[in-house]
Number of protein chains: 2
Amino acid sequence: MSSLTARAEILLQTLIKRYIADGLPVGSRTLAKQAGLDLSPATVRNVMADLEELGLVRSPHTSAGRIPTQAGYRLFVDSLLKVDKEQFNAKTLHEIEEELSSVKDPKKLITTASGLLSHMTRLAAVVSVPRRNEKLQFRQIEFVGLSNNRVLVILVTRDGQVQNRVIYTDHKFSPSELVQAANYFNQAFGGFSLEEVRKQLLREMKQDSLAMRQMMRDAINMAKPVFDEESSSKEDLVVSGESNLMDIPDLGDLKTLRRLFDTFTAKRDLAHLLDESVRREGVKIFIGSESGYEALEECSVVTAPYKMNENIVGTLGVVGPTRMSYEQVIPIVDMTARLLSGALSLDDS
Amino acid sequence: MSSLTARAEILLQTLIKRYIADGLPVGSRTLAKQAGLDLSPATVRNVMADLEELGLVRSPHTSAGRIPTQAGYRLFVDSLLKVDKEQFNAKTLHEIEEELSSVKDPKKLITTASGLLSHMTRLAAVVSVPRRNEKLQFRQIEFVGLSNNRVLVILVTRDGQVQNRVIYTDHKFSPSELVQAANYFNQAFGGFSLEEVRKQLLREMKQDSLAMRQMMRDAINMAKPVFDEESSSKEDLVVSGESNLMDIPDLGDLKTLRRLFDTFTAKRDLAHLLDESVRREGVKIFIGSESGYEALEECSVVTAPYKMNENIVGTLGVVGPTRMSYEQVIPIVDMTARLLSGALSLDDS
DNA sequence: TTTTAGCACTCGCCCACCTAGAGTGCCAAA
DNA sequence: TTTGGCACTCTAGGTGGGCGAGTGCTAAAA
C-alpha cells in the first residue's frame with residue numbers, strides 16, 4: 001500500500017467527515033472549499049481520481065460526487081481520525097457515572113449501561129452479559145423440599161448472587177435430611193471457587209467410595225446439577241435502542257432493516273462478534289462486511305470490552321450505519337466500558 | 001343501530017374477507033362475482049352506498065373500490081365472523097401441546113408460548129408475565145450474611161419459586177443469629193399466603209410490643225422488604241416476533257413502525273391493554289383506535305387471558321395490522337391461552 | 001511538472017403531461 | 001327493485017424535456 005500524499009489524506013478526511021455529516025455524495029467544488037487547502041475544484045478532481053483508483057472512494061454514478069468505500073472508512077478510522085477523549089464534558093460523564101453507580105444489581109447494571117449507550121449514540125446498543133464467573137467463591141447451598149419428590153436447590157456465592165433450580169429426586173427426603181445434607185456440603189466446600197467445587201464434585205463421584213455416607217452422596221447428587229448448569233449457560237446479550245435504527249435513512253430499506261432486527265433477536269451472530277472483541281483491551285471497530293455477517297453489511301459495529309476487578313468479563317458496543325459519527329461514538333463506547341467496569345468492580349468489597 | 005339486510009351483511013362480509021385477503025379496495029364488479037348472490041354490479045353499488053352511509057365502509061378515493069372502516073371490522077368480528085375452532089388440525093395442536101408441556105420452568109413457558117404465538121400468526125406476540133400471585137403459600141425464608149452488613153434474603157414459596165434480595169442492616173449479624181431469625185420466621189408464618197404474611201408483618205410492626213424479642217424484630221425487619229417488593233413489582237411482558245410486522249405492507253410507513261416498536265419496548269401501553277382483557281374469559285379484540293393508544297391506530301390486538309389452576313393470572317395476545325386474518329388468528333390465540341393454562345396448571349401438583 | 005480554467009458531456013431528479021384502467025354515481029328503462 | 005348504460009373522476013404508470021450538479025479531458029498558465 002503506497003502511502004497517500006498529505007494532501008490526499010486531508011481531502012479524504014474532509015470528504016468522509018462531510019459525508020458522515022449529511023450523507024450526500026461530495027463533489028469537487030464543495031470539497032475544494034471545505035478542505036481549506038486553497039485548491040481549485042479541478043485539482044481536487046485529479047486527486048479524487050487517484051483515490052478512486054486506490055479503492056478508497058467511489059461515485060454512485062457519473063455525475064454525483066464521491067462517497068467513501070469500506071476501505072476508505074477503514075483508513076479513516078485507523079489513521080485519519082483523532083478521537084478527542086475529552087470531547088464530552090465532564091458533567092455528562094459525571095451524570096453517567098452516577099446513574100451507573102446508583103444501580104446495585106449487576107444484571108440491572110448491564111441493562112442500564114445498554115440503555116445509556118443507545119440513548120447517547122442514538123443507535124442500537126449491545127452488551128454481553130458475562131457468563132457466571134467461575135472464579136466466584138461458593139458460599140452456601142440450601143435444599144428445600146417441595147411436593148412430589150422435588151427439591152429446590154439454592155446456590156449462593158460470596159458476593160450475594162443466587163442461582164436456583166428444581167431437581168427431581170428418586171425418593172422423598174425429610175426436612176432434617178435436607179438440612180444435614182446442606183450442612184455437610186457447606187462445610188465441605190465453603191470458600192472454594194465454583195470451579196473448584198465442580199472439579200471436586202466430579203472426583204468424589206468417580207471415587208464413590210464405600211466409606212462415603214449415603215447422606216453425602218445425596219448432597220452431592222442434588223447439588224451437582226446447579227454447578228453444571230452454570231458452566232453450560234451460554235452467554236446472553238442485552239440489546240436496546242434497536243428502533244433507533246429505523247430513523248436512519250441509510251438503512252431505509254425495509255428488507256435490510258428486517259434482517260438487522262432478526263439478527264438482534266437471534267443474537268447469535270452478535271454474540272460471536274462481541275467475542276472477537278473480548279481478547280484485547282480497547283475499542284474495536286468492524287466496518288461493513290468486516291463483521292462477516294451479511295445482515296451487518298450496511299453497518300458498522302464499535303465495541304469495547306469491560307472488566308470486573310481487572311478481569312475482562314464481557315463486551316459492549318453499538319451497531320449503526322457505516323456512515324456513523326465515529327468521532328463521537330468511539331469515545332462514548334470507550335467511556336461507557338470504563339464506567340461499567342468501575343461500577344461492577346466497586347461493589348465486590 | 002338499524003340492522004342490515006341479510007344481503008348487505010353478506011356483501012359486507014365478502015368485502016371484508018376479500019380485503020383481508022389481498023389488501024386492495026374491492027370494487028362492485030368483483031364483489032358481485034365473489035358474493036355468489038347473482039346481483040349486478042350496479043345493485044351492489046347501491047348497497048355499498050348504504051353501507052358507506054352507515055359508516056361501515058369507505059372509499060379511499062372516488063374511483064377506488066371500498067374498504068372496511070373500523071366500525072365495519074367491528075361488526076364483522078362481532079356478528080359476521082364464524083370462527084372454526086377445529087380449523088387447525090389436531091396434529092398441530094398436539095405438537096404445540098407437547099412443546100409447551102416439555103418446558104418445566106414457568107418463565108420459560110411464557111417465552112415459549114410467546115414464540116409459538118408469533119410464529120404461528122406471523123405477527124407480534126405479547127404475553128404478560130403474571131405478577132407474583134399473592135395467593136401463593138409462603139414456605140420458607142433464608143438469611144445469608146454477606147460482607148459489609150449486607151444480608152441476602154431468600155424467599156421460597158410452596159411451589160418452588162424463589163425471590164431474593166440484598167438488604168443493608170445497621171449492624172452485623174452472626175450466622176447463628178441469622179439462622180435463629182429465619183427459624184423464628186418460618187415457624188411463625190409457615191403455610192400462610194404471601195398476602196397474609198405481609199398483613200401480619202404490618203400488624204406486628206405497628207404493635208412492636210415490648211414483649212417482642214429483639215431477634216423477632218430483626219427477623220421481621222429483614223424479611224419485610226422482600227414481601228413488599230413483590231407487591232410493587234410491576235407486571236412484565238414478553239414480546240416476540242416484532243420484526244414480523246416489518247413484512248406487513250399496511251404498516252409500510254416507517255414512522256408508524258417506529259412508534260409501534262417503541263411501544264413494544266416501553267411496554268407500558270401494552271400492559272394496560274392486556275390488563276383490560278384479564279377480567280373476562282375468552283378472546284377479546286381491539287380494533288384500531290379502540291385500544292386507545294395512538295401507536296396502535298393502524299393495528300388490531302387480539303387477546304385472551306390464561307389461567308393457572310382455575311385462576312386467571314395473565315393475558316396473551318398478538319398485535320397485527322387491522323387487516324389481519326381474524327378467522328385464523330382468533331382460534332390460535334384462544335388455543336394457545338388454553339394450552340398455556342394447561343401447562344401452567346399441571347406442574348403445581 | 002503541477003495546477004488551473006474551460007468546455008462538452010453525462011446523469012439523476014423533478015415536473016408537467018398524458019393515457020389506460022378501474023370504479024363510481026346517477027338516470028332511465030326493465 | 002334491479003339493471004344496463006354512460007359520463008365522470010381519480011390513480012398509477014409512462015414519457016419527455018429542462019435543470020443542476022458534477023465529471024473527465026484538454027490546453028493553457030504557473
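As a basis for the values below, the full set of heavy atoms in this structure was taken, side chains included, without hydrogen atoms, waters or symmetry mates. A note on names: the letters A, B, ... follow the listed sequences, proteins ahead of strands, and every chain is numbered from 1.
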Seminar exercise, completed: Nearest-nucleotide check on DNA chain D, B/R7 vs B/H61; residue mapping nearer the 5' end is B/R7
Exercise. Can you tell me if B/D269 and B/T263 form a side-chain donor-acceptor pair at under 3.5 Å?
Worked result: no
Problem set entry | Boundaries of the chain B footprint along DNA chain D (any atom under 4.0 Å from a heavy atom) | D/dT2 to D/dT11
For this session: Look at all strands and tell whether B/S63 reaches a base, only sugar-phosphate, or nothing, counting heavy atoms closer than 4.0 Å.
Result: base
For this session: Look at the side chain of B/R45 and the base of C/dG25, then say whether one donor and one acceptor between them are separated by less than 3.5 Å.
Result: yes
Seminar exercise, completed: Heavy atoms of B/L93 and B/M335 approach each other most closely as CD1-CE, 3.7 Å
Seminar exercise, completed: note: A/D50, atom CG; C/dT3, atom C1'; distance rounded to Å ~ 14 Å
Exercise. Can you tell me if B/R58 and B/T69 form a side-chain donor-acceptor pair at under 3.5 Å?
Worked result: no
For this session: Look at A/T43 and C/dT4 and indicate whether a side-chain polar atom (N or O) is within less than 4.0 Å of OP1 or OP2.
Result: yes
Problem set entry | Atom pair distance, as rounded to whole Å: CD1 in B/I67 and P in C/dT24 | 13 Å
For this session: Compare every heavy atom of B/E290 with every heavy atom of B/I285, then report the nearest pair and how far apart it is.
Result: O-OE1, 3.7 Å
Problem set entry | Residues, nucleotides or ligands: over 12 heavy atoms within 6.0 Å of A/R122 CZ | no
